[in-house]
Amino acid sequence: MAVAVSISPAKITTTKPIIITQFPDNPKPLILEQCKTVRDLHQIHAHLIKTRFISSPSVAENFLESAAILLRHQPMDYAISVFEKLNEPNSSAYNIMIRGLTLKNFSHEAVLMFKKMKETSVEPDEFTFPCVLKACSRLRALEEGKQIHGQLMKLGYRSSGFAENGLIKMYANCGQAGIARKVFDEMSERDIFAWNALFSGYTKSGCWKEAVDLFHYMLETDTKFDEVTLVSVLTACGRVGALKLGEWIKDYIEANGLKRNPTLITSLVDMYAKCGHVDKARSLFNQMSHKDVVAWSAMISGYNQSNRCKEALSLFHDMQKANIEPNEVTMVSVLSSCAELGALAMGKWVHFYINKKKLPLTVTLGTALLHFYAKCGSIDNSIEVFKKMARKNVLSWSVLIQGLASNGQGDTALKYFDLMLTKHIQPNDITFIGVLSACSHSGLVKKGRELFASMIKDFDIEPKIEHYGCMVDMLGRAGLLEEAYQFIQNMPMNMKPNALIWRTLLASCKVYKNVGIGEESLKKIMDLETVHSGDYLLLSSIYASVGRLEDAFRVRREMKEKGVIKKTPGCSSIEVNGVIHEFFAEDDANFESEKIYAATEKMMKGIKLAGYVMNIEDARLEAEEYDKETSVSHHSEKLAIAFGLIKTSIGTPIRVSKNLRVCNDCHEATKMISKVYNREIIVRDRTRFHHFKDGLCSCNDYW
DNA sequence: CTAGGGTTAG
């Protein structure tokens with residue numbers, strides 16, 4: 001059929017008039033070529049109506065396809081109106097609509113279209129299923145997906161494999177890796193897409209080990225894989241620490257010339273970083289010629305997860321110099337590093353940037369932000385962020401509760417816990433770490449015991465070793481050492497107390513000068529693992545505090561003779577003008593060390609004049625030993641505070657973060673410094689915050 | 001006429 005067509009140029013406002021001289025049987029290529037706008041489509045439509053070609057099903061269908069799919073960036077309104085005018089649309093027409101709706105992200109409407117198809121008794125064909133399954137996959141509509149699976153089985157379109165691949169993807173996206181695997185296993189032939197769909201399911205459901213195993217199986221059976229497979233497998237390798245397989249893949253990539261695929265190299269960077277080889281990751285990252293936001297984010301996250309937070313922030317600065325815009329994922333790692341370092345100014349800038357760039361405040365980003373504020377002692381800002389978050393999950397609540405607990409607001413923490421329950425958010429084991437430490441830091445022993453019991457009884461949460469640790473900490477801090485000891489003895493058979501539990505008790509013994517339980521705790525630590533120098537030092541201080549200096553020295557001698565592992569060196573950091581400065585006890589690596597020691601001496605003299613007396617026991621031990629490690633006046637937080645005093649203007653609060661628990665002497669000294677120098681001093685130690693002001697501390701000397 | 005990938009909080 002050939003028809004001459006001419007369209008009056010007067011009606012056309014687009015730059016190029018459409019001249020159709022011959023109307024072909026299949027107008028699709030023509031429409032594809034000429035139709036750039038809805039307006040063009042209108043003209044064709046008018047023509048088809050005028051010539052009554054629209055009544056031919058094949059022409060109508062082709063036209064519908066043009067409206068639904070070819071004009072990719074137009075909304076579906078027009079296609080819908082065309083579709084609705086069809087009398088008795090067949091499955092192909094429905095397929096076009098479902099495909100178009102899915103393509104343009106109207107997944108919900110696509111599923112509704114499929115339902116309508118069923119209601120009007122139009123039988124779906126083999127082309128229907130992949131499209132509607134894709135829509136279900138996007139929506140994570142597991143129920144609908146299962147129904148479609150049922151129909152598919154009944155109709156038996158199983159030959160092509162397209163539908164099964166769709167099913168695997170759908171189940172994968174709905175977090176049902178197990179069902180996805182079943183579909184996969186039942187397929188008679190599996191192409192690379194089926195394999196990759198299953199891998200992606202494992203990735204989305206966090207089934208890392210399964211992914212690694214599946215890839216081993218692929219290798220054993222000599223099954224072909226591609227670069228997409230390798231990306232998934234490398235991600236899994238990182239999560240389970242499968243370095244050997246990861247390196248095998250790296251060699252494969254090099255041997256097969258795949259190094260130019262940036263996504264693949266990014267996965268490699270991620271794999272090395274997560275397996276603890278950050279420097280290897282960095283050298284691969286450096287070799288990448290095109291680094292996108294994901295590559296940068298992966299590397300920053302690598303530093304962050306390896307506890308190399310200063311390098312994470314420094315790389316973030318490089319990223320900005322390279323003019324790569326960070327996204328919300330980048331910011332999660334950056335905030336996490338800021339939190340770890342106590343980099344308040346830097347994190348505040350990130351918060352500002354998030355607002356300015358209108359980055360979506362996802363649950364993850366919101367939680368990272370409130371965690372950051374809580375870790376910097378700005379708990380009011382945490383609460384503010386929490387309230388602004390449109391969506392929160394159990395972790396957001398738990399982080400807030402933990403934050404309130406460590407900032408000494410145990411009562412508020414428990415209030416949020418109650419609020420959480422009224423909102424029917426199911427608490428988990430992490431929530432209870434927060435709740436129990438709230439009780440611990442605020443001395444709410446009775447409440448803590450109740451909650452621990454309730455955790456098992458009412459919430460059916462199996463306490464982990466960490467929860468037992470919280471209880472020991474709580475009882476120990478409250479001076480109930482005997483009860484804490486009994487509590488450990490009565491731990492269930494399958495929950496053997498670890499060294500950390502006994503260290504917690506040992507630390508409490510130092511506070512309450514309990515020699516007997518202290519000695520017992522050290523023995524238990526020795527039975528379990530290599531003793532750290534810190535353990536010996538604690539027992540030595542306990543002896544000294546009750547006047548048993550001979551024993552105190554004996555323990556120290558033993559420590560030296562045995563050549564024990566050194567404890568984690570004390571490290572304190574302070575942010576001045578956006579730069580993080582780190583101090584170690586007796587640190588002379590710092591380029592300004594002389595000035596800092598002078599400032600520290602001056603500061604210590606200043607508080608001595610005001611009546612501060614150095615902790616006698618510790619000072620005596622020190623005087624007789626000249627033990628550098630324990631030199632009380634050069635504890636890292638004193639150096640950091642002295643640095644803060646000389647580097648910031650009068651009246652500015654000083655914020656210091658340290659990696660260990662603050663010692664008695666530093667605590668007393670800092671109280672005095674806050675009074676004498678009229679400064680607010682906020683010290684974050686390993687477990688909580690101390691807000692010092694006017695000679696007092698927010699922890700009420702209870703920590 | 002149908003189908004595929006990476007980075008994320010305690």
Side-chain angles (χ1 to χ4, degrees), chain A residues 28 61-62 64-65 68-69 91-100 102-103 125-134 137 157 160-170 172 191-201 203-204 226-235 238 261-271 273-274 292-302 304-305 326-336 339-340 362-372 374-375 392-403 406 428-431 433-434 437 466:
Chain A
K28 200 167 71 181
E61 205 175 280
N62 275 321
L64 180 66
E65 188 175 355
I69 294 157
S91 62
S92 305
Y94 272 105
N95 290 351
I96 289 164
M97 289 305 286
I98 293 171
R99 188 152 60 101
T102 308
L103 211 65
D125 61 27
E126 56 174 320
F127 299 114
T128 317
F129 291 101
C131 292
V132 69
L133 283 171
K134 188 176 171 184
S137 178
Y157 294 119
S160 70
F162 273 102
E164 281 90 340
N165 288 358
L167 278 175
I168 294 172
K169 279 225 63 100
M170 183 275 297
D191 63 10
I192 184 72
F193 294 108
W195 287 89
N196 287 347
L198 187 57
F199 275 115
S200 125
T203 302
K204 287 199 177 91
D226 66 4
E227 298 173 41
V228 179
T229 324
L230 294 180
V231 169
S232 290
V233 177
L234 280 172
T235 308
N261 177 342
T263 308
L264 200 47
I265 304 303
T266 301
S267 308
L268 212 46
V269 167
D270 177 57
M271 184 277 295
K274 286 207 166 66
D292 65 356
V293 57
V294 179
W296 285 93
S297 303
M299 195 60 236
I300 291 170
S301 144
N304 179 51
Q305 288 177 1
N327 63 14
E328 72 276 13
V329 180
T330 325
M331 291 317 199
V332 169
S333 294
V334 172
L335 282 169
S336 176
E340 203 49 49
T362 56
V363 182
T364 312
L365 184 58
T367 306
L369 196 54
L370 82 87
H371 173 239
F372 151 74
K375 286 286 261 184
K392 312 166 175 76
N393 63 13
V394 57
L395 191 59
S396 324
W397 286 88
S398 307
V399 168
L400 182 68
I401 289 169
Q402 175 73 57
S406 63
N428 62 14
D429 55 328
I430 300 163
T431 321
I433 299 280
S437 67
E466 290 91 341

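Letters A, B, ... are given to chains in the order of the sequence lines, protein chains preceding strands, and every chain is numbered from 1. Values below: all heavy atoms of this structure, side chains included; hydrogens, waters and symmetry mates excluded.
- Under the side chain to side chain donor-acceptor pair (under 3.5 Å) criterion, A:Asn261 pairs with A:Glu227, sequence neighbours left out.
- Using modelled atom types and a 3.5 Å distance limit, the side chains of A:Ser301 and A:Asn304 yield no donor-acceptor pair.
- Between A:Gln402 and the phosphate of B:dA9, there is no side-chain N or O to OP1/OP2 separation shorter than 4.0 Å.
- Qualifying salt bridge (charged side-chain N to carboxylate O under 4.0 Å, His left out) partners for A:Lys274, counting only residues two or more places apart in sequence or in other chains: A:Asp270.
- Scanning all heavy atoms of the two residues, the minimum distance from A:Ser333 to A:Ile300 falls at CB-CG2, 3.9 Å.
- Side-chain proximity of A:Thr263 to B:dA9, B:dG6, B:dG4: nearest is B:dG6.
- Within 3.5 Å, a donor on the side chain of A:Asn393 pairs with an acceptor on the base of B:dA9, or the reverse.
- Applying the 4.0 Å criterion to OP1 and OP2 of B:dA9, one finds that A:Lys392 has every side-chain N and O outside that range.
- When distances are taken from the side chain of A:Lys169 to each of B:dC1, B:dG5, B:dT7, the shortest belongs to B:dG5.
- We find that CE of A:Met299 is positioned 12 Å from C1' of B:dT7, with the value rounded to whole Å.
- Across all strands shown, A:Thr364 has heavy atoms under 4.0 Å from base atoms, whether or not it also approaches the sugar-phosphate.
- Side-chain proximity of A:Lys134 to B:dA3, B:dG5, B:dA9: nearest is B:dA3.
- From A:Leu234, atom CG reaches atom OG1 of A:Thr229 across 10.5 Å, with rounding to the nearest 0.5 Å.
- Taking side-chain N and O atoms only, A:Gln305 has no distance below 4.0 Å to OP1 or OP2 of B:dT7.
- Here B:dG5 presents its C1' atom at 13 Å from CG of A:Asp270, a figure rounded to the nearest Å.
- Residue A:Asp191 contributes atom CG, which lies 13 Å from atom P of B:dA3 at whole-angstrom precision.
- Here B:dC1 is the nucleotide among B:dG6, B:dA9, B:dC1 with the atom lying nearest to any side-chain atom of A:Ser92.
- A:Val269 comes within 4.0 angstrom of no nucleic acid atom, judged by non-hydrogen atoms across all strands.
- Distance from the side chain of A:Cys131 is smallest for B:dT2 among the nucleotides B:dT7, B:dA9, B:dT2.
- Here the side chain of A:Phe162 is nearest to one of B:dA9, B:dA3, B:dG5, namely B:dA3.
- Distances from the side chain of A:Asp125 to the nucleotides B:dG4, B:dC1, B:dA9 place B:dC1 closest.
- Atom C1' of nucleotide B:dT2 and atom CZ of A:Phe129 are separated by 12 Å, given to the nearest angstrom.
- Residue-level contact check: A:Lys274 touches the backbone only, with heavy atoms under 4.0 Å from sugar-phosphate atoms and none from bases.
- The CG atom of A:Asn165 sits 11 Å away from the P atom of B:dA3 (whole-angstrom rounding).
- When the P atom of B:dG5 is taken as reference, atom CG of A:Asn261 falls 14 Å away, rounded to whole Å.
- Distance CD1 (A:Ile300) to C1' (B:dT8): 13 Å, rounded to an integer number of Å.
- Distance, A:Asp292 CG to B:dT7 C1': 9 Å, rounded to whole Å.
- Which of B:dT2, B:dG4, B:dA9 sits closest to the side chain of A:Val332 comes down to B:dA9.
- Within the structure, a side-chain polar atom (N or O) of A:Ser301 is placed less than 4.0 Å from OP1 or OP2 of B:dT8.
- With A:Val231 as the fixed residue, the side-chain contact (heavy atoms from CB on, under 4.5 Å) test singles out one of A:Leu264, A:Leu268, A:Thr266: A:Leu264.
- Candidate nucleotides B:dG6, B:dG4, B:dC1 were compared by shortest atom distance to the side chain of A:Asp226, and B:dG4 ranks first.
- Checking B:dG5, B:dT2, B:dG4 against every side-chain atom of A:Pro130, the shortest atom distance belongs to B:dT2.
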